[in-house]
There are 2 protein chains.
Amino acid sequence: MKYIEKLRNSGLRPTKQRLQICEILFDREKTFHFTINELDQKIKNKIHNKISLATIYNTVHAFEKKGYLKQIPINSNQTYFDTNVTDHHHFYNLEDGKLIDLENSDVGPINIKKKINGKKIKSIEILVKLED
Amino acid sequence: MKYIEKLRNSGLRPTKQRLQICEILFDREKTFHFTINELDQKIKNKIHNKISLATIYNTVHAFEKKGYLKQIPINSNQTYFDTNVTDHHHFYNLEDGKLIDLENSDVGPINIKKKINGKKIKSIEILVKLED
DNA sequence: TTGTAGTTTATAATGGTTCTAAACAGCTGT
DNA sequence: ACAGCTGTTTAGAACCATTATAAACTACAA
């Protein structure tokens with residue numbers, strides 16, 4: 001299993017639940033945008049044993065802390081996560097609430113002219129809202 | 001009262017509560033970033049009658065719908081609102097959770113190269129996360 | 001003044017997320 | 001292989017921001 005080493009290297013024990021969640025999250029070609037609720041549904045559909053909701057929360061947060069997932073800054077009643085942890089941006093379709101990736105190369109260079117004393121920029125994230 | 005006309009023109013009755021909330025929100029020089037909770041505290045400090053929490057929610061949402069407030073897209077356990085409804089961006093100080101305005105003129109032109117069929121861009125918002 | 005539609009209010013309900021504490025499972029040293 | 005430690009999973013309770021409810025109230029037009 002390719003995820004066993006990855007988890008162990010991060011100081012996370014490769015439990016059955018974590019490995020199953022890894023497969024659902026990372027065995028895919030395209031970026032996966034999801035809420036905990038959507039992930040829970042996917043898990044219910046794809047695997048036969050039950051994974052408790054608390055474990056899903058724990059795992060997603062553990063993966064986020066280790067840098068395998070990141071939160072998408074968006075106002076919604078649910079928190080969105082993204083398997084694409086590179087620097088990139090999002091289209092947000094207001095009609096259906098779906099997200100679409102905007103790679104860094106899809107956006108011209110961003111020039112932040114204002115500086116804040118003693119602070120440095122950790123990330124720059126653009127949210128482009130779309131309407132019909 | 002300068003807000004009476006403004007409210008009436010928007011189809012909102014100028015009630016005592018709404019006028020008091022207007023003064024707290026809009027009688028200031030600088031942009032105000034706030035959560036419902038912070039607004040509730042400010043109301044408790046500044047006025048003597050009580051305004052119910054439900055009214056605060058109702059009013060903020062009514063003002064947002066009319067375009068006098070806007071939500072700031074940020075992941076937090078509470079929703080942030082902004083009295084600056086112009087097109088602009090934010091610094092987000094990760095250390096203390098405070099927001100700082102980034103005017104459009106503080107950011108160079110943004111070029112979104114990717115297009116989505118049948119969709120048009122409603123807004124472009126940048127969140128710049130700051131660390132020490 | 002009277003009617004009505006909009007508003008406020010206290011309180012209950014909702015729902016995503018976090019906490020708890022007990023059972024369980026990897027892992028290391030023997 | 002076993003013991004023991006510590007990390008993990010789990011069901012359910014708790015938490016808390018937000019929304020819904022429904023009754024009292026109020027601005028405003030007729």
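So you know, we letter chains A, B, ... as the sequences are listed, proteins then strands, and number each from 1.
Between A/Q17 and D/dT10, a side-chain N or O to OP1/OP2 separation shorter than 4.0 Å is present. When the side-chain nitrogen and oxygen atoms of A/T15 are compared with OP1 and OP2 of D/dG7, none of them lie within a distance under 4.0 Å. Using a 4.0 Å cut-off, some side-chain N or O of B/R18 falls inside it from OP1 or OP2 of C/dT8. A close approach under 4.0 Å does occur between a side-chain nitrogen or oxygen of A/H61 and OP1 or OP2 of C/dT18. For B/R8, no side-chain nitrogen or oxygen approaches OP1 or OP2 of D/dA27 to under 4.0 Å. OP1 and OP2 of D/dT6 both lie 4.0 Å or more from every side-chain N or O belonging to A/R13. A close approach under 4.0 Å does occur between a side-chain nitrogen or oxygen of A/Y57 and OP1 or OP2 of C/dT17. OP1 and OP2 of D/dT9 both lie 4.0 Å or more from every side-chain N or O belonging to A/S52.
If you measure from atom CG of B/N77 to atom P of C/dC19, you get 11 Å, rounded to the nearest angstrom. One interatomic measurement links the two molecules: CD1 of B/I56 to P of C/dT11, which rounds to 16 Å at whole-angstrom precision. The distance from atom CG of B/L12 to atom P of C/dA5 is 18 Å, rounded to the nearest whole Å. Rounding to whole angstrom units, CD1 of residue B/I36 and P of D/dC16 are separated by 18 Å. When the C1' atom of D/dT18 is taken as reference, atom CZ of B/F34 falls 15 Å away, rounded to whole Å. Straight-line distance from the CD atom of B/Q20 to the C1' atom of C/dT8: 13 Å, rounded to whole Å. To the nearest angstrom, C1' of C/dT18 lies 16 Å from CG of B/N75. Computed from coordinates, the B/L19 CG to D/dT26 P distance equals 15 Å when rounded to whole Å.
Heavy atoms of B/N58 sit under 4.0 angstrom from at least one base atom. B/K50 comes within 4.0 angstrom of sugar-phosphate atoms only, judged by non-hydrogen atoms across all strands, and of no base. Counting non-hydrogen atoms under 4.0 angstrom, B/T79 reaches the backbone sugars and phosphates but no base.
The residue among B/Q78 and A/T59 whose nearest nucleotide of DNA chain D lies closer to the 5′ end is A/T59.
Within 6.0 Å of the NZ atom in B/K65, the count of heavy atoms belonging to other residues, nucleotides or ligands does not exceed 12.
Remark: A/D132 engages B/K119 in a salt bridge, criterion side-chain N to carboxylate O under 4.0 Å.
In the model, B/N84 has no side-chain atom that pairs as donor or acceptor with a side-chain atom of B/H33 under 3.5 Å. Residues B/Y3 and B/D27 have side chains that bring a donor and an acceptor to within less than 3.5 angstrom of each other.
Taking the centre and axis of the six-membered ring of A/F26, the NZ or CZ atom of A/K6 falls inside the cone set by 45° and 6.0 Å.
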